[in-house]
Student: 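Have a look at this one before I ask anything.
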Amino acid sequence: MSKVPIAVAYGDGIGPEIMQACLHILQEAGAEIEPHIIEIGEKIYLQGYSAGITPQAIETLRQTKVFYKAPITTPQGGGYKSLNVTVRKLFNLFANVRPCISYHPYVETNFPKLDVVIVRENEEDLYAGIEHRQTPNVYQSIKLITRPGTERIIRYAFEYARAYGRKKVTCMTKDNIMKLTDGLFHKVFDEISAQYPDIEKEHWIIDIGSAKLADTPEQFDVVVTLNLYGDILSDMVAQIAGSVGMAGSANVGTHMAMFEAVHGSAPRRAGQNLANPSGLLNAGIMMLVHIGQAGVAERIHNAWLRTLEEGYHTYDIYREGISREKVGTREFAQAVARNLGKMPEKLTPVRYVQEGKNPARIEIPPYQPVSLPKKELVGVDIFVHWGPGSPKELAAKIQSVLPPELKLTMISNRGTAVWPETMEETFLVEHWRTRLLSQGGPIRHETILQALQGYQKAGLEFIKMENLYTFNGEAGFSKGQGE
Ligand code: NAD
């Protein structure tokens with residue numbers, strides 16, 4: 001077999017020692033890989049590269065298409081951009097996959113049967129980072145959810161479940177509140193899940209769903225969710241499994257994939273041969289499956305389980321009475337390498353190779369655009385910075401300057417409708433949404449420009465507008481609370 005080129009970064013803090021330990025195990029196990037070392041992280045940030053990576057390193061990633069990454073240190077202070085977010089966005093790594101498993105009784109946990117994979121959408125949602133300060137007191141962050149992005153991640157979750165013999169996919173959203181964005185995610189989940197009759201599916205509202213997940217994780221299998229919820233859930237589940245330090249994660253896209261430990265560079269532990277390399281090793285195992293070397297991955301995974309069973313434990317999981325010996329990073333790696341070819345006796349052995357075949361790389365078909373709905377402009381929300389004053393006064397100002405095609409139908413403040421009905425108790429800030437709707441049929445952009453000119457004439461400082469559309473007659477905008 002010819003060696004597969006992979007980009008390798010040793011990172012910062014404990015990064016170099018755990019990467020060395022992992023590469024030692026991979027090589028001992030017979031992984032056919034050719035590491036291309038790239039430098040990333042603190043040093044590169046301090047050289048003036050704001051994302052901690054050089055253009056040459058990006059070129060290496062582009063060529064190898066596989067990135068095995070140790071944790072890095074992000075220097076304190078402003079101006080530095082997340083390397084992970086940069087690589088994810090540059091290479092369209094849309095899926096973050098994090099298997100979280102309990103290794104009871106060898107690693108302490110309240111959930112001995114926990115075995116959950118979190119599949120998190122990796123690019124959209126509030127992580128678009130589109131934020132504004134609009135008035136002295138009001139800031140916003142825009143949550144963007146797309147149909148192609150949603151279809152891709154949900155299909156990925158189902159394909160993952162099939163490839164790894166998992167039985168159920170659970171979707172979590174907050175679509176009772178965010179009816180359009182989270183609503184789309186839920187709707188697409190229902191559409192796509194229907195194409196996988198062999199896999200059980202369910203949907204939970206994220207609040208009670210995450211409570212359930214924290215309470216009875218053994219009832220969950222694969223969980224698919226939006227970016228922010230997934231970020232929180234994946235750390236939570238890794239932690240209750242026993243330790244964030246044990247979990248690996250894969251960031252997967254159509255053209256490239258990045259594999260890393262879940263934890264950071266733990267600078268206080270650096271250079272002391274103390275750190276647990278298990279998180280990075282688990283990431284390496286996922287990488288080997290990804291590059292078609294599932295047999296090697298299986299050997300390493302089973303040897304690692306055997307080592308946990310034998311009680312050779314790094315300080316973070318060492319427990320008097322359960323562990324046999326407290327070992328350092330190097331000694332732990334040597335113990336795993338010695339166990340290559342052995343199977344765990346108590347923990348369940350893993351099997352990646354089924355009937356002599358590697359699990360197929362998960363391929364997601366290109367997005368097939370659905371037939372485009374009829375989109376009609378029916379109004380506009382104009383946001384204004386105004387006050388102090390009452391909603392009634394604001395309404396009167398607006399009504400005196402509107403073009404005849406538009407009618408003021410609602411004013412809301414922080415999302416709560418405060419006009420035409422106003423409740424004295426509602427707290428008001430200087431940021432108002434004024435909703436103008438067509439008086440019959442679609443309107444033209446000129447009408448919106450006339451409305452804006454009217455606002456200007458009335459001395460209203462408009463800070464933002466959102467056009468209101470219908471799609472095949474269905475409103476593409478939410479109502480105000482209490483509207
Ligand atoms: P951290 O995960 O590095 O460390 C938290 C604590 O967990 C440490 O004090 C240590 O006791 C323990 N720990 C972590 N990994 C361990 C291991 N392998 N073995 C044993 N113990 C381990 O989190 P932090 O202290 O918040 O962050 C430190 C630095 O890492 C920061 O600069 C942060 O930006 C960076 N970071 C990088 C990544 C990444 O590269 N993907 C992820 C998270 C944090």
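First listed ligand is number 1; within each ligand, the first listed atom is number 1.
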Student: Between Tyr156 and Phe94, what is the ring plane arrangement, given parallel below 30°, perpendicular above 60°, and tilted in between?
Tutor: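 Ring orientation of Tyr156 relative to Phe94: perpendicular.
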Student: Would you say Ser265 has any N or O atom under 3.5 Å from an N or O of ligand 1, going by distance alone?
Tutor: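 N/O-N/O distance under 3.5 Å: yes.
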Student: Hey, does the Lys NZ or Arg CZ of Arg147 hover above the aromatic six-ring of Phe471, less than 6.0 Å from the centre and inside 45° of the axis?
Tutor: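 That pair does not qualify as a cation-pi contact.
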Student: Counting heavy atoms only, name the option from Ala270, Ser278, Gly264 that's nearest to atom 44 (C) of ligand 1.
Tutor: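 Nearest heavy atom to atom 44 (C) of ligand 1 lies in Gly264.
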Student: May I ask you to say whether Arg433 pairs ionically with Asp381, meaning some side-chain N is under 4.0 Å from a carboxylate O?
Tutor: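 A salt bridge links Arg433 with Asp381.
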Student: Given Ile72, Thr329, Ile14, Ile317, which one has a non-hydrogen atom that is nearest to atom 40 (O) of ligand 1?
Tutor: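 Heavy atom nearest to atom 40 (O) of ligand 1 belongs to Ile72.
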Student: Answer side chain, backbone, both or neither: which part of Pro267 comes under 4.0 Å from ligand 1, heavy atoms only.
Tutor: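 The answer is the side chain of Pro267.
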Student: Does atom 17 (C) of ligand 1 have any protein heavy atom closer than 4.0 Å?
Tutor: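 Yes.
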Student: Please confirm whether Asp316 comes within less than 3.5 Å of ligand 1 when only nitrogen or oxygen atoms on both sides are compared.
Tutor: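 No, Asp316 has no N/O under 3.5 Å of an N/O on ligand 1.
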Student: Compare Ile40, Thr74, Asn84, Val262 and give the one whose heavy atom is closest to atom 34 (O) of ligand 1.
Tutor: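 Heavy atom nearest to atom 34 (O) of ligand 1 belongs to Thr74.
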Student: For atom 2 (O) of ligand 1, state whether the nearest protein heavy atom is under 4.0 Å away.
Tutor: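 Under the 4.0 Å cut-off, atom 2 (O) of ligand 1 does have protein heavy-atom neighbours.
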Student: Give the ring-plane orientation class for Tyr352 versus Tyr164, where under 30° counts as parallel, over 60° as perpendicular and anything between as tilted.
Tutor: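 Taking Tyr164 first and then Tyr352, their aromatic rings stand perpendicular (interplane angle over 60°).
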Student: Does the ring centre of Phe189 sit less than 6.0 Å away from the ring centre of His203?
Tutor: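 No, ring centres 6.0 Å or more apart.
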Student: Please tabulate, for the side chains in residues 4-25, all donor-acceptor contacts under 3.5 angstrom to protein atoms that are two or more places apart in sequence or on a different chain.
Tutor:
unit_1	atom_1	unit_2	atom_2	d
Asp12	OD2	Glu42	N	2.9
Asp12	OD2	Thr73	N	2.8
Glu17	OE1	Asn273	N	3.0
Glu17	OE2	Gly271	N	2.5

Student: Provide the number and element of each atom of ligand 1 under 4.0 Å from a heavy atom of Thr73.
Tutor: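 Those atoms are 32 (O).
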Student: If you scan the protein for heavy atoms around atom 7 (O) of ligand 1, do you find one that is closer than 4.0 Å?
Tutor: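 No.
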Student: Give the atom numbers and elements of ligand 1 that come within less than 4.0 Å of a heavy atom of Tyr315.
Tutor: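 Every atom of ligand 1 under 4.0 Å from some heavy atom of Tyr315: 10 (C), 11 (O), 20 (C), 21 (N), 22 (C).
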Student: Among all the protein's heavy atoms, is there at least one whose distance to atom 26 (O) of ligand 1 comes out below 4.0 Å?
Tutor: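 No, there is no protein heavy atom closer to it than 4.0 Å.
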Student: With a 4.5 Å heavy-atom cut-off, do Thr135 and Val429 have their side chains touching?
Tutor: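 The answer is no; the side chains never approach within 4.5 Å.
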Student: Do Ala266 and ligand 1 have an N or O pair less than 3.5 Å apart?
Tutor: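 Yes, at least one N or O pair falls under 3.5 Å.
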Student: To the nearest 0.5 angstrom, please state how far the NE2 atom of His431 sits from the CD1 atom of Ile463.
Tutor: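 Those atoms lie 4.0 Å apart.
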